[in-house]
**Q** 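Okay, here's the structure, questions in a sec.
Labels below follow one simple rule: chain letters A, B, ... track the order of the sequence lines, proteins then strands, and each chain is numbered from 1.
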Amino acid sequence: MAQGQVQIPQQIAHQTGVAVPTQFNSTSLYVGDLDVNVSEAQLYEIFSQIAPVVSIRVCRDLISKRSLGYAYVNYNSGQEANRAIELLNYTPINGKPIRIMFSQRDPSLRKSGAANIFIKNLDKNIDNKALSDTFSVFGTILSCKVATDSSGQSKGYGYVQFDQDESAQNAINQVNGMLLNDKQVYVGPFVRRQERDNVPAASKFNNVFVKNLSETTTEDDLRQVFGSFGSISSAVVMRDPDGKSKCFGFVNFEHTDDAAKAVESLNGRKIDEKEWYVGRAQKKSEREAELRAKFEQDRKDKIEKYQGANLYLKNLDDTFDDEKLKELFQAFGNITSCKVMRDPQGQSRGSGFVAYSAPEEASRAVAEMNGRMVGSKPLYVALAQRKEERRARLQVFQNFLLICKKPA
DNA sequence: AATGAGCGT
């Protein structure tokens, strides 16, 4: 027998060739949320109180043998398994409530999050069992859990997953906004964190930004135009210290939906011969982040564009200056910049850069000029590497040297 | 205020 498995001396239910059992006559239970130290023996003691147990296995990491925090308990009949769920679910073992479900090896239902609801503003005294009892009137619960901190204290929210969408819908309709232990709870569909982040807070805003105003447009004009969408708590046209309009402003609505309506219908409208831009006002930090991102993108575009249009020169005759370089290289294309590198004393370092406006010009220059005698020496001409590329290459080389030095 | 984690011999 496999290690870690307790085989109970009972006749074993043979299921070979039998169709996959449905949820409710399955004899196999998944027991999750186990403390890592929970053993088969502890589970046996508890589960055999319901009916004879066929087998129990705590699943463990193959190598470390550490408990994965879940186990399987098998009974002879579906009724027994069902009874175990009813009577033993949320029983604490080592102080931690276990969570029992019918074993369902196909993960698709679990992953889909279907019929799953989220409850918040729960009284801290409501535990898994109480939550389950509250919601079981709407249908069969597959899983139910109150979020807790490490000491087992309720965090005031939880989850209930039903087997049917309809049950979840009814639970939401009937319990949302109701009092549970004198606290008004929120009940809604469960939404994955990631999906919730994808829905930008962008749709909930009160403050509207307007630009491209005429210089003569005033706060009163803004109130006039925006006022038709709902009540305004403030309107402002930004101005220079001398009072001259900066041609943009902000209108703050009392209700988010009014703000949204105003944006929807005013953006791009022509008013006083000016096409207004009307949008959600960004926070300063948001705006800055956007500008930073744009700047970064522009920089990347520029690098991309000039990629391959830059030359790196070395072994350059000391008598060459920027001007002479330009003369030498302009035959191959349109030079956008040209530089001889010098030390702080102004002495030529014998290297330099020539930038063209297109990569073809640069490669022509390499082909024609590399190795050519210029002044006293043969000139080295190659496409310039970007700083990062060069750094990466140097790093590879340094590593190589280190490896070479290491004794066998 | 808060939107998990979870399936073997």
Side-chain angles (χ1 to χ4, degrees), chain A residues 1-8 12-16 20-21 23 26-36 38 40 43 47 53-62 65-75 81 84-85 89-90 96-124 126-128 131-132 135 141-150 152-163 168 171-172 175-176 180 183-201 204:
Chain A
M1 192 198 311
Q3 193 189 345
Q5 167 128 7
V6 173
Q7 186 74 42
I8 283 80
I12 291 168
H14 290 287
Q15 295 187 356
T16 38
V20 178
Q23 293 267 17
S26 169
T27 58
S28 189
L29 296 177
Y30 165 88
V31 183
D33 292 356
L34 295 179
D35 171 82
V36 287
V38 170
E40 274 89 0
L43 291 170
F47 282 84
V53 166
V54 173
S55 69
I56 295 185
R57 162 188 287 263
V58 170
C59 295
R60 298 177 181 281
D61 180 272
L62 231 42
K65 300 287 178 243
R66 209 180 124 91
S67 165
L68 295 172
Y70 66 89
Y72 293 95
V73 174
N74 297 300
Y75 285 103
I85 294 181
N89 213 356
Y90 318 119
K96 201 174 166 201
I98 63 174
R99 190 163 47 89
I100 313 173
M101 303 167 71
F102 281 105
S103 172
Q104 171 76 70
R105 302 187 69 177
D106 175 5
S108 53
L109 217 205
R110 289 195 293 276
K111 284 193 169 167
S112 77
N116 202 8
I117 63 174
F118 173 69
I119 303 107
K120 67 182 176 186
N121 206 29
L122 276 177
D123 183 273
K124 301 272 162 108
I126 295 178
D127 60 7
N128 291 342
L131 190 65
S132 168
F135 284 95
I141 291 174
L142 299 185
S143 169
C144 169
K145 184 167 177 173
V146 171
T148 55
D149 63 21
S150 53
Q153 173 68 227
S154 166
K155 292 208 254 188
Y157 61 92
Y159 313 87
V160 176
Q161 185 170 16
F162 292 95
D163 70 333
I172 291 168
V175 187
N176 185 33
L180 251 43
K183 290 195 71 165
Q184 188 182 31
V185 293
Y186 165 88
V187 184
F190 169 75
V191 182
R192 291 225 127 70
R193 176 65 173 278
Q194 201 197 345
E195 290 153 33
R196 119 182 317 266
D197 288 347
N198 288 344
V199 180
K204 289 276 172 233

**Q** Has Y159(A) got its ring stacked on dG4(B), by the test of a centre gap below 5.5 Å and a plane angle below 30°?
**A** yes

**Q** Heavy atoms under 4.0 Å, any strand shown: does G156(A) hit a base, just sugar-phosphate, or nothing?
**A** base

**Q** If I take atom SG from residue C144(A) and atom CZ from residue F162(A), how far apart are they, to the nearest 0.5 angstrom?
**A** 8.5 Å

**Q** Verify the contact: side-chain N or O of R105(A) to OP1 or OP2 of dG8(B), cut-off strictly under 4.0 Å; return yes or no.
**A** yes

**Q** Give D33(A) one of three labels, base, sugar-phosphate or nothing, depending on what nucleic acid heavy atoms sit under 4.0 Å from its own.
**A** nothing

**Q** What is the distance from CG of L34(A) to C1' of dC7(B), rounded to the nearest Å?
**A** 12 Å

**Q** Just wondering, do F118(A) and V191(A) contact through their side chains at under 4.5 Å, heavy atoms?
**A** no

**Q** Kindly state whether the pair Y157(A) / dA1(B) counts as stacked, where counting means centroids closer than 5.5 Å and planes tilted less than 30° apart.
**A** no

**Q** What is the nucleic acid contact for D106(A), judged by heavy atoms within less than 4.0 Å: base, sugar-phosphate only, or nothing?
**A** nothing

**Q** Quick one: which of dG6(B), dA2(B), dG4(B) gets closest to the side chain of K120(A)?
**A** dA2(B)

**Q** Expressed as a whole number of angstroms, how long is the span from N74(A):CG to dC7(B):C1'?
**A** 12 Å

**Q** Please set out all donor-acceptor pairs under 3.5 angstrom arising from side-chain atoms of residues 153-160 of chain A, sequence neighbours excluded.
**A**
{"unit_1": "S154(A)", "atom_1": "OG", "unit_2": "G156(A)", "atom_2": "N", "d": "2.8"}

**Q** Quickly work out the L29(A) CG to dT9(B) C1' distance and round it to whole Å.
**A** 16 Å

**Q** For the side chain of Q104(A), counting heavy atoms from C-beta on, which of dG8(B), dG4(B), dC7(B) is nearest?
**A** dC7(B)

**Q** Roughly, in whole Å, what's the span from CZ in R196(A) to P in dA2(B)?
**A** 7 Å

**Q** Quick one: Y186(A) OH to dA2(B) P, roughly how many Å, whole number?
**A** 11 Å

**Q** Looking at R99(A) and D33(A), is any side-chain nitrogen of the basic one under 4.0 Å from a carboxylate oxygen of the acidic one?
**A** yes

**Q** In whole angstroms, how far is the P atom of dA5(B) from the CG atom of N116(A)?
**A** 12 Å

**Q** With nearest nucleotides of DNA chain B determined for K183(A) and L68(A) from heavy-atom distances, which residue corresponds to the more 5′ nucleotide?
**A** K183(A)

**Q** Using O4'-C1'-N9-C4 for purines and O4'-C1'-N1-C2 for pyrimidines, with syn meaning within 90° of 0, is dG6(B) syn or anti?
**A** anti

**Q** Partners of N116(A) by side chain to side chain donor-acceptor pair (under 3.5 Å), sequence neighbours excluded?
**A** none

**Q** OP1 or OP2 of dT3(B) sitting under 4.0 Å from any side-chain N/O of R193(A)?
**A** yes

**Q** Counting side-chain heavy atoms from C-beta on, which of dG4(B), dG8(B), dA2(B) comes nearest to S103(A)?
**A** dG8(B)

**Q** Give a yes-or-no answer on whether the side chains of N74(A) and T27(A) include a donor-acceptor pair shorter than 3.5 Å.
**A** no

**Q** Rounded to the Å, how far apart are Q161(A) CD and dC7(B) C1'?
**A** 14 Å

**Q** Please answer whether dC7(B) and Y30(A) are stacked, defined here as ring centres separated by less than 5.5 Å and planes angled under 30°.
**A** yes

**Q** Base, sugar-phosphate or nothing for P189(A)? Non-hydrogen atoms, less than 4.0 Å.
**A** base

**Q** Between dG4(B) atom P and D149(A) atom CG, what is the distance in whole Å?
**A** 17 Å

